[in-house]
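Throughout, protein chains are lettered first and strands after them, A, B, ... in sequence-line order, and every chain is numbered starting at 1.
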Amino acid sequence: MEIFRIAAIALVTAFCVIILRDVKSELAMLVAFAGGIIVLLSVIDYFSDIFSVVANIAKRAGVAASVVTLLFKVIAVGYVAEFSASLIDDAGLPSLADKVTLGGKLIIVAVSLPVVVELFEYIARLLS
Amino acid sequence: MDINIIFKIAAVGLITAILNQLLKKADKDEIATLVTLAGLVIVLIMIINMIGQLFDTLRAVFGAF
């Protein structure tokens with residue numbers, strides 16, 4: 001099962017980080033980075049499976065393709081922003097992590113504005 | 001992309017830390033800092049390659065939709 005592999009990698013990474021911190025090496029944080037990346041890479045192919053299913057369902061439900069691609073873009077931005085923010089937080093810079101999160105939020109809002117505008121126009125057309 | 005990268009980085013970290021201590025005891029402090037820097041650069045290059053691979057995979061997965 002995949003989960004055991006992830007747990008094993010994470011535990012080994014934590015163990016190495018503890019050792020390196022004990023020896024006062026600056027590379028402890030970099031080992032944590034590497035561990036995080038490896039765990040992500042091992043689960044990344046689940047994403048494509050999930051997305052293909054969601055895309056099929058959305059197509060059958062008649063949802064516009066643009067909305068679905070926008071949804072995935074927002075997920076991608078959120079995913080990358082959260083990943084880097086948590087790594088930076090681990091490195092001991094919470095203020096920087098908050099800025100990365102803020103940047104991610106702004107990008108998501110900017111990307112999803114057209115859909116909101118489309119929604120309002122639709123409502124306006126209904127009411128008029 | 002497996003566990004051996006973590007071991008590689010941990011090994012580089014350990015070696016640089018130990019060399020640092022040794023060189024400090026032999027009061028060659030400037031060489032000690034150079035060794036630390038060298039270890040840091042090596043590991044940074046490895047990490048940057050991994051981050052590049054991660055973002056390429058992300059773009060491949062998300063770009064497809």
Side-chain angles (χ1 to χ4, degrees), chain A residues 5-6 8-52 54-56 58-59 65-66 68-80 83-84 87, chain B:
Chain A
R5 192 165 163 278
I6 294 170
I9 292 178
L11 284 175
V12 169
T13 316
F15 186 67
C16 290
V17 168
I18 289 168
I19 291 180
L20 281 178
R21 267 204 196 114
D22 189 34
V23 186
K24 297 247 171 337
S25 160
E26 301 83 9
L27 301 185
M29 187 189 75
L30 288 176
V31 171
F33 273 26
I37 290 171
I38 289 178
V39 168
L40 282 180
L41 280 177
S42 60
V43 288
I44 204 99
D45 44 17
Y46 289 122
F47 261 119
S48 42
D49 308 342
I50 293 168
F51 280 161
S52 53
V54 169
N56 291 342
K59 205 176 298 169
S66 66
V68 176
T69 48
L70 185 92
L71 176 69
F72 291 150
K73 202 177 293 179
V74 164
I75 291 175
V77 169
Y79 186 77
V80 172
F83 169 72
S84 44
L87 279 183
Chain B
M1 180 56 73
D2 213 341
I3 204 96
N4 49 23
I5 288 185
I6 295 182
F7 291 144
K8 228 179 283 178
I9 296 176
V12 169
L14 271 173
I15 291 168
T16 43
I18 291 167
L19 278 181
N20 214 349
Q21 299 296 340
L22 277 177
L23 289 171
K24 275 206 179 77
K25 290 296 178 296
D27 54 45
K28 287 193 170 47
D29 284 353
E30 60 284 353
I31 299 181
T33 47
L34 285 179
V35 166
T36 315
L37 276 180
L40 205 60
V41 165
I42 291 170
V43 171
L44 272 178
I45 289 172
M46 289 160 72
I47 294 278
I48 284 168
N49 287 338
M50 284 173 66
I51 289 180
Q53 188 184 351
L54 173 69
F55 282 154
D56 289 346
T57 322
L58 267 178
R59 197 175 299 119
V61 168
F62 289 121
F65 291 96

Interatomic distance, B:Ile51 atom CD1 to A:Ser84 atom OG [nearest 0.5 angstrom]: 9.5 Å
What is the distance from atom OG1 of B:Thr57 to atom CG of A:Leu41, rounded to the nearest 0.5 Å? 5.0 Å
Tell me the closest heavy-atom pair linking B:Val61 and A:Ser48, and the distance in Å. CG1-N, 4.0 Å
A:Leu20 versus chain B, heavy atoms under 4.5 Å apart: side chain, backbone, both or neither? side chain
Gap separating the CD1 atom of B:Ile5 from the CD1 atom of A:Ile9, nearest 0.5 angstrom: 10.0 Å
Please name the pair of heavy atoms, one in A:Val23 and one in B:Ala17, separated by the smallest distance, quoted to 0.1 Å. CG1-CB, 3.0 Å
For residues B:Ile9 and A:Ala34, report the shortest heavy-atom separation together with the two atoms involved. CD1-CB, 3.6 Å
For a 4.5 angstrom cut-off between non-hydrogen side-chain atoms, does A:Ile38 reach B:Ile3? no
Take B:Leu54 and A:Phe83 through the test side chain to side chain contact (heavy atoms under 4.5 Å, CB included) and record every step on the way to the result. CA-CA 11 Å; B:Leu54 173 69; A:Phe83 169 72; 3.7 Å; yes
Atom group of A:Ile19 that falls short of 4.5 Å from chain B, counting heavy atoms: side chain
For the residue pair B:Leu58 and A:Leu40, establish whether any side-chain heavy-atom pair is separated by less than 4.5 Å. no
